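Okay, structure first, notes after.
Quick caveat: nothing in here was measured; it's all calculated off a predicted structure. For ligands, and for the atoms within them, numbers begin at 1 and follow the listed sequence.
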Amino acid sequence: MTDTSPASADPTSPGERHLALVRRPGPRLAEGLITHIDRQPVDVERAQRQWEAYVDALHANGWRTVEVAPADDCADAVFVEDTVVVHGDLAVLTRPGAPSRRAEVDAVEEAVVAAGYRVARIEAPGTLEGGDVLKFGGTVWVGLGGRSNEEGMRQLAAHLEPAGVQVVGVPFSRVLHLKSGVTALPDGTVVGHEPLVDDPAVWAGGADPAGDGVGTGHADAGFLPVPEESGAHVVLLGGDRVLMAADAPRSAQMFRDRGCTVTEVDISEFIKLEGCVTCLSVRLRG
Ligand SMILES: NC(=O)NCCC[C@H](N)C(=O)O
């Protein structure tokens with residue numbers, strides 16, 4: 001595990017107190033899984049440059065990053081979000097639904113323990129991938145769309161029950177993970193590209209993406225359809241700042257019009273493997 005942060009991160013930034021896990025893409029990246037899209041050639045060197053730029057964007061927004069040890073035999077290891085779900089001081093190590101991804105989890109334990117987390121695990125026959133877990137308010141929504149199953153959700157609920165968290169299943173079918181379909185803006189508005197969202201009505205009430213148990217109180221929070229698939233994927237960087245992919249300029253403008261400060265990164269090589277900005281990092285407590 002390596003701390004990759006530059007010493008020059010702006011200490012006055014709202015995001016400075018935060019720490020994110022990242023994992024460098026490995027040499028087998030181009031063999032990564034695809035489920036809902038056709039395979040396209042992946043330029044691994046370009047992907048490595050895009051990953052560096054993604055990490056630089058986190059640093060430029062005042063974040064520190066910790067690099068999980070490589071898992072070079074695992075083609076999809078760069079998608080580190082899927083290996084762990086954190087809540088409070090607890091890190092729940094997942095059991096990915098894709099068997100080829102299960103070996104990714106071991107080194108993540110070392111990273112979260114070093115960051116001060118207690119550790120729990122999803123055990124067989126449960127499966128869970130972090131891309132299926134959307135946290136807001138006192139609620140954790142778990143997407144049930146193939147990679148995560150009811151038993152994985154039940155185990156996650158048991159781990160989070162002492163913290164008073166409600167876990168709710170959301171069936172879906174059109175994308176790989178729940179958060180491939182929807183994420184939330186800082187004001188609690190849930191964003192999604194409607195052709196890929198099974199039931200937008202699920203999100204009519206919006207969200208509290210800080211996950212601090214406090215509702216947004218934002219009168220407009222609800223579901224906001226966005227015109228591009230990548231517009232459905234935002235990483236919250238603190239305050240009004242969001243990170244998103246560069247291939248959704250009309251969605252980015254919508255978010256700017258709503259008061260967001262948007263950083264865009266080119267992640268085209270990861271999109272070819274059904275990855276998005278959310279899956280390339282795990283936000284930890286400060
Ligand atoms: N959380 C995510 O959206 N993860 C993307 C994982 C993509 C990877 N190729 C997979 O199929 O598992």
Proximal atoms of ligand 1 relative to Leu273 (non-hydrogen, under 4.0 Å): 7 (C), 8 (C), 9 (N)
With a 4.0 Å cut-off on N to O distance, would you call Arg147 and Glu81 a salt bridge? no
Nitrogen or oxygen atoms of Phe79 and ligand 1 under 3.5 Å apart: no
Residues passing the side chain to side chain contact (heavy atoms under 4.5 Å, CB included) test with Arg49, sequence neighbours excluded, are Glu45, Arg46
Any Phe172 side-chain heavy atom under 4.5 Å of Val182 side chain: no
Under 4.0 Å, heavy-atom basis, I'd like to know which part of Ile34 is in contact with ligand 1: side chain, backbone, both or neither. neither
Shared ILVMFWY cluster between Leu176 and Met244, side chains joined below 4.5 angstrom? no
So which protein heavy atom does atom 5 (C) of ligand 1 come closest to, and at what separation? Glu274 O, 3.5 Å
Shortest protein contact, atom 3 (O) of ligand 1 (heavy atom only): His177 ND1, 3.2 Å
Arg147 to ligand 1, any heavy atom closer than 4.0 Å: yes
Is there a donor-acceptor contact under 3.5 Å linking the side chains of Ser268 and Gln50? yes
Thr35 heavy atom under 4.0 Å from ligand 1: no
Counting only nitrogen or oxygen atoms and a 3.5 angstrom limit, does Glu81 reach ligand 1? yes
Val44 and Val265: same hydrophobic cluster, using ILVMFWY side-chain contacts below 4.5 Å? yes
Does any donor atom in the side chain of Glu151 or Gln155 lie under 3.5 Å from an acceptor atom in the other side chain? yes
Atom 8 (C) of ligand 1: nearest protein contact (heavy atom, Å): Asp76 OD1, 3.2 Å
Tell me the contacting part of Lys179 for ligand 1: side chain, backbone, both, or neither, using a 4.0 Å heavy-atom threshold, strictly below. neither
Validation row: His177, Asp82 side chains within 4.5 angstrom (heavy atoms): yes
Mode of Asp82 contact toward ligand 1 - side chain, backbone, both, neither (heavy atoms, under 4.0 Å): side chain
